[in-house]
J.: 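Quick one: structure below, then a few questions.
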Amino acid sequence: MNGSRDRQEPASRKAEQRPSDSKKEGRRVRSCDAEKSVVSQEVKAPLSNKVISLLEPVNEFVEDIQALNSAGFFGWNTRTGEVTWSKVTYEIFGFDAASELVIADVYKRIREEDVSLLREAVEGSAQEKGDTDLRLRLILPGSSVRYVRVCAHPERRDPLSGRYVGVAIDITSSALSELELNASRQELARKKRPGSLDEMGAWVVHELAQPLSSIVMNGHACMQWMSTGIAGADEAKDCVQRIVNSGHRATDMIQQIRRLARGEKPATAHASVNEIVESSIDLLGETFKQNHIICTSSLAPELPAISGDRTQLQQVLINLLSNAVQSLAEVGDRKRKIFIATRMSEGKEVLVMVEDSGTGFRVQDLPLMFSRFFTTKADGMGMGLAICRTVIEAHRGRLWALNNAKYGATFYFTLPAST
Ligand code: ADP
């Protein structure tokens, strides 16, 4: 802290004043080490050698304590602008204790962005007679940065005297750890999102492929029903409804992807898992039909609601069902079946299972199946299961897979019941 500013100056001078053009900032910083350190600089009476020798051990003790805590004391008289520093304060600010300093030198040590912090604190504490607690960055010779916490308050024995006492603490190591921690938190948040443009592109393509192919498929079916005339009117209407739903879903997904890319949390609302399952089965109705798949379900009545993002959870089901459809594409010697069930698990969670009678997966692929870009399909993208896991984990649930005893695989996920 410095007492370099003239407290009587009008406020209009404040903005113009720079360290170099201030007369007050030309004031000297005085050392309070050696025989002066524990005696106020205001004490003008000469001290006898005896008193000095008595004070010396006390002074050394005080210096030791300061060095041990990387904390240097200072005094500041806001009336005279006089500042007194201990040896450790000189060290913290990177000055030689023997050097002749003026306040402008001190300001030059402070990083440009922090100079105004100090100025405002000096102004504020001088006017309000209050405490000051600041964090400053110093640029030391050799350009290294030192973080300093500066605390000061009015002298207790005479708070109206305009004299302040304070401490400057070197907090570089804790400030750097804090910065590192923040950097690694940001990195973690970044990694949770689709990182590179390739990854982002793959995500978008994967998520939009399904509603687009559903639109095309339902469009074709609609045209067929319409060509049968009045007899196919209801079916054609259903197809158009599915086209509209798929269009809405594509729009919702684009918004979801934008949110995920920005690292935003899913929008949560109470939702019914059974309703999400039913709407997903409905959306894929035409796909099941065209692939000769029998899709059945057993949905537990009175399931508790879950709290989550309906669009994202529907996307999980659609990804799992689309994978089941693809696995069944190779099946010609048995019925192509998908079975979906919901029930309450033991731990107050809603459990969803999607079972197919397809090819199943290779056991050695299991550890990789949920990773981005892992695929065993010639035209696969390896994004579906990775997206599913990201979404389920964001909803505080779990997702896993097992091969069935005979044919095919079953994928399970849980979601905590909303309270
Ligand atoms: P993609 O479908 O593009 O390959 P996914 O992430 O959805 O990407 O799936 C990754 C891999 O997991 C698939 O390539 C496949 O090997 C396996 N897999 C996913 N679902 C099933 C399933 N129902 N049956 C068998 N294997 C599956």
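Each ligand, and each atom within it, is numbered from 1 in the order the structure gives. If you're wondering where the values come from, they're calculated on a predicted model, not measured in any experiment.
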J.: Does atom CE of M223 have more than 12 heavy-atom neighbours, drawn from other residues, nucleotides or ligands, at distances under 6.0 Å?
T.: no

J.: Which of the atoms of ligand 1 are close to M381, meaning less than 4.0 Å from one of its heavy atoms?
T.: 3 (O)

J.: Heavy-atom contacts with M383 under 4.0 Å: which atoms of ligand 1 show up? List them by number with element.
T.: 6 (O), 8 (O)

J.: Only counting residues at least two apart or in another chain, list the ones meeting ring pair (Phe, Tyr, Trp, His ring centres under 6.0 Å) with Y147.
T.: none

J.: Under 3.5 Å, N or O to N or O, is D365 touching ligand 1 that way?
T.: no

J.: Look at atom 7 (O) of ligand 1 and say which protein heavy atom is nearest, naming residue and atom and giving the distance to 0.1 Å.
T.: N323 ND2, 2.9 Å

J.: So, the side chain of S280 versus the backbone of I276: is there a donor-acceptor pair under 3.5 Å, distance only?
T.: yes

J.: Give the atoms of ligand 1, by number and element, whose distance to some non-hydrogen atom of S327 is under 4.0 Å.
T.: 24 (N)

J.: Without hydrogens or angle criteria, can the side chains of T376 and R362 be said to hold a donor-acceptor pair below 3.5 Å?
T.: no

J.: Does G358 have a heavy atom less than 4.0 Å from any atom of ligand 1?
T.: no

J.: Within the 3.5 Å criterion, strictly below it, is a donor on E278 or N274 matched to an acceptor on the partner's side chain?
T.: no

J.: Give me the residue, atom name and distance of the protein heavy atom closest to atom 26 (N) of ligand 1.
T.: F361 CB, 3.7 Å

J.: D356 to ligand 1: N or O pair under 3.5 Å?
T.: yes

J.: Are any of the N/O atoms on A409, whether in the backbone or the side chain, positioned under 3.5 angstrom from an N/O atom of ligand 1?
T.: no

J.: Would you please classify the geometry between the Y412 ring and the W400 ring as parallel, tilted or perpendicular, with 30° and 60° separating the classes?
T.: parallel

J.: Out of M369, R389, K377, whose heavy atom is nearest to atom 17 (C) of ligand 1?
T.: M369

J.: Under a 4.0 Å threshold between the charged nitrogen and the carboxylate oxygen, would E275 count as salt-bridged to R310?
T.: yes

J.: Can you tell me the protein heavy atom closest to atom 10 (C) of ligand 1 and the distance?
T.: F374 O, 3.3 Å

J.: Do other residues, nucleotides or ligands put more than 12 heavy atoms under 6.0 Å from R137 CZ?
T.: yes

J.: If hydrogens are left out, which of G384, G360, A209, G380 has an atom nearest to atom 25 (C) of ligand 1, that is, the closest non-hydrogen atom?
T.: G360

J.: Give the residue, atom name and distance (to 0.1 Å) of the protein heavy atom nearest atom 16 (O) of ligand 1.
T.: T376 OG1, 2.5 Å

J.: How close does the nearest protein non-hydrogen atom get to atom 8 (O) of ligand 1, and which residue and atom is it?
T.: G382 CA, 3.2 Å

J.: Can S327 and T359 be counted as having a side-chain donor-acceptor contact under 3.5 angstrom?
T.: yes

J.: Cation-pi between R389 and F370: NZ/CZ under 6.0 Å from ring centre and within 45° of the ring axis?
T.: yes

J.: If you measure from the Lys or Arg side-chain nitrogens to the Asp or Glu carboxylate oxygens, is any gap between E349 and R398 under 4.0 Å?
T.: yes

J.: Which residue owns the protein heavy atom closest to atom 4 (O) of ligand 1, what's the atom, and how far is it?
T.: T375 OG1, 2.5 Å

J.: Counting only nitrogen or oxygen atoms and a 3.5 angstrom limit, does F411 reach ligand 1?
T.: no

J.: Hey, does L385 come in under 3.5 Å of ligand 1, counting only N/O atoms on both sides?
T.: yes

